[in-house]
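All chains are named by letter (A, B, ...) in the order of the sequence lines, taking the proteins before the strands, and each is independently numbered beginning at 1.
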Amino acid sequence: MTLLILLGTMLVVAGLGVPLVFSLLSASLLTLLVVRPELPLVLIPQLFVQGMDSFALLAIALFFLAGELMTASGITERILAFARSLVGHLRGGLAQVGIFSALVMAGVSGSAVADAAAVGAVLIRAMKKAGYPAGFAAALIMCASILGPIIPPSIPMIIYAVLAGASVGAMFLAGIVPGLLIALGLGCVAWLRAGPLDLPREPRASRPQIVQATARASLALLAPVIIVGGIRGGIFTATEAGAIAVVYILFIGSFVFRGLSASIFGSALVRAAHGTASIIVILGASSIFAWIIADQGISREFAAAIRGLGAPDWLVLLIINLLFLAVGMFLDPLAALIILVPIFLPLVQGIGVDTVQFGVMIVLNLMIGLCTPPVGYLIYMTASMGDVSPTQVVRHSLPFIAVLLGVLALVTYVPAITLWLPALVAGR
Amino acid sequence: MSGKALLGSLGRGLDWIAAALLLAILCITTARVVGRYLLGLSFPWSEELTRLLFIWLVLIGAARARHMSIDILPSAAGPKAALALRVLALVLGVGLLTLMVRQAFILIDLTAFDRFTALGVSVQYLYWAMVVGGGFWILLFVARTLWPEVSDKRDAE
């Protein structure tokens, strides 16, 4: 009953187009007034502020900033040249370059949108020029940019870690193998589609060319090593890694690559601040939501009710995945993550799914929503970059989406894919 | 100076403050690492200070940020219905923010003598961010609904 008031109000108000932060707050306020009228309302701003007050969350602002700077710094161009020299001669050459670049860029940025903007801006045009169908080019960049939040660093993984009480470092490591699998799978699809679509190859780079491209990109390639290595080695926390990443990109972007200026830095700061604010206020609002869920024992009851149905664990996981996919079609992935985790975490822990594995599963699942109609943000973004209709992008994206769903199934049912690497590192 | 021009400068001013707060967080966090490894210094107050600055960053930034919403219905609705939905969002948002700001004043009184352990300043400054940021948020929310062009200018920058 309480859950009905809470979720029902939220869905109705959000459906009317009210910003999610106010939808969550109004649902929480109404529920509190109905089920706990004796509580003082001072609880609302208190939980709101406390929900935002965590050192780990600072990393979100810093990685946002790193992503903004990366796009403007001239790093992208060097990574593209490096990717081109290594994989350009394969079947579907430029498509392979796109996937490989997205993978490398994902090691610096933590968001799919930043990845798509950085790689897509150059490559979609280049692919069109080389005779690739524009819809194919856009669909490929769209699906490859999902690597941004899967390969560390990752903004959604940080949010999940804070919500679920997991280690940010473990979440980061857990994303690496699934990310590599996605890159490999997308590469295979591009390879297979190259024949029917008559996609050209690039000329094979000579050894000196490869050496030169690698040297030019080496400072950029070092960034992910510093970020992941530093957290893994216990040298700094995830938040500190965010600051180090920004300082590093600022340094190479302004002194070595000379792509950055004070005014670019200023507007990157403002955009990062706005992006952070719009996510973190939802997190704050949802902490009131989560408090009610805990106070009323809702997620426990919910878990007991689902398990009471006697469905096998694999079926429960399948249904959770289908439900999240459906939610992800309509809701921003970060907002969906913030709302769903407190409700579902006790249930999946009850059926013996590791918190870290569930985190990668839900992040990957919700990111797929960025590539599916009707409101997949990346569809419209890459379609406009490729100057092609969103329908074309969706049509060409189907085999790539199949890869993402395949890796999602592996993450859901094979714990080792996510848990092997964190365990290996922790064991040393 | 017209009201709209004033609001435009206010918005830019808030952007500057948010940018400065993020820059401060960046510098302090970097200083932690540099201090620890290069200088052998630790700054025990730095974590609490950056957390406090972060709350200010979020609530000042929130006044200007584009907030996530599901806009399927508003974009499908006719002009009259869309206006009604915008007014609904405004009334709900302003009502909730007003409630939060008023309750935050109570928290400021309640927490006046609680101090951050290492930083030493009163915890009430966390809730001042709610009052100040929430106040600007209400003001700009009303302004954006009345004059959507004020917010369009922000996007062009």
Hey, is [atom1] on [X] packed in by over 12 heavy atoms from elsewhere, all under 6.0 Å?
X	atom1	result
A:Arg36	CZ	yes
B:Tyr125	OH	no
A:Phe55	CZ	yes

Say you draw a straight line from [atom1] of [X] to [atom2] of [Y]; how long is it, rounded to the nearest 0.5 Å?
X	Y	atom1	atom2	answer
B:Ile55	A:Asp53	CD1	CG	4.5 Å
B:Arg51	A:Leu58	CZ	CG	9.0 Å
B:Thr50	A:Glu240	OG1	CD	9.5 Å
A:Leu16	B:Ser69	CG	OG	11.5 Å
A:Thr239	B:Arg32	OG1	CZ	8.0 Å
B:Thr30	A:Leu62	OG1	CG	7.5 Å

In terms of heavy-atom pairs under 4.5 Å with chain A, which of [options] leads?
options	answer
B:Ile28, B:Val33, B:Val101, B:Asp71	B:Val33
B:Met130, B:Arg102, B:Met68	B:Met68
B:Leu23, B:Leu57, B:Leu73, B:Thr29	B:Thr29

Can B:Arg36 and A:Phe236 be said to form a side chain to side chain contact (heavy atoms under 4.5 Å, CB included), step by step?
-> CA-CA 10 Å; B:Arg36 191 161 66 229; A:Phe236 35 65; 3.9 Å; yes
Side chain, backbone, both or neither: which part of [X] has an atom under 4.5 Å from a heavy atom of chain A?
X	result
B:Ile72	side chain
B:Leu107	both
B:Leu92	side chain
B:Leu96	side chain
B:Leu21	neither
B:Met100	both
B:Leu99	side chain
B:Tyr37	side chain

For [X], is it the side chain, the backbone, both or neither that has a heavy atom under 4.5 Å from a heavy atom of chain B?
X	result
A:Ser54	backbone
A:Val375	side chain
A:Leu29	side chain
A:Leu331	side chain

Residue pair B:Gln103, A:Ile44: steps toward the side chain to side chain contact (heavy atoms under 4.5 Å, CB included) verdict = CA-CA 8 Å; B:Gln103 296 294 323; A:Ile44 290 181; over 6 Å; no
Passes side chain to side chain contact (heavy atoms under 4.5 Å, CB included), A:Met52 versus B:Leu59? Steps please.
-> CA-CA 10 Å; A:Met52 307 190 290; B:Leu59 289 168; 4.1 Å; yes
Quick one: sort the B:Trp137 and A:Phe22 rings into parallel, tilted or perpendicular, breaks at 30° and 60°.
->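 Tilted: the ring planes of B:Trp137 and A:Phe22 meet at 30° to 60°.
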Look at A:Val13, A:Asp332, A:Ile235, A:Val270 and state which one has the largest set of heavy-atom pairs under 4.5 Å with chain B.
->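 Most heavy-atom pairs under 4.5 Å with chain B: A:Ile235.
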Options A:Val281, A:Ile282, A:Leu334, ranked by heavy-atom pairs under 4.5 Å with chain B, top entry =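 Greatest number of close heavy-atom pairs with chain B: A:Val281.
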Answer yes or no: is there a donor N or O on one side and an acceptor on the other, between the side chain of B:Tyr127 and the main chain of A:Pro45, under 3.5 Å?
->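 Between the backbone of A:Pro45 and the side chain of B:Tyr127 there is no qualifying donor-acceptor contact (under 3.5 Å).
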Side-chain donor or acceptor of B:Arg86 paired with backbone N/O of A:Gly17 under 3.5 Å =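 Side chain of B:Arg86 to backbone of A:Gly17: no pair is present.
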Give the intermediate values and the outcome of side chain to side chain contact (heavy atoms under 4.5 Å, CB included) for residues B:Leu22 and A:Phe64.
-> CA-CA 11 Å; B:Leu22 180 51; A:Phe64 245 118; over 6 Å; no
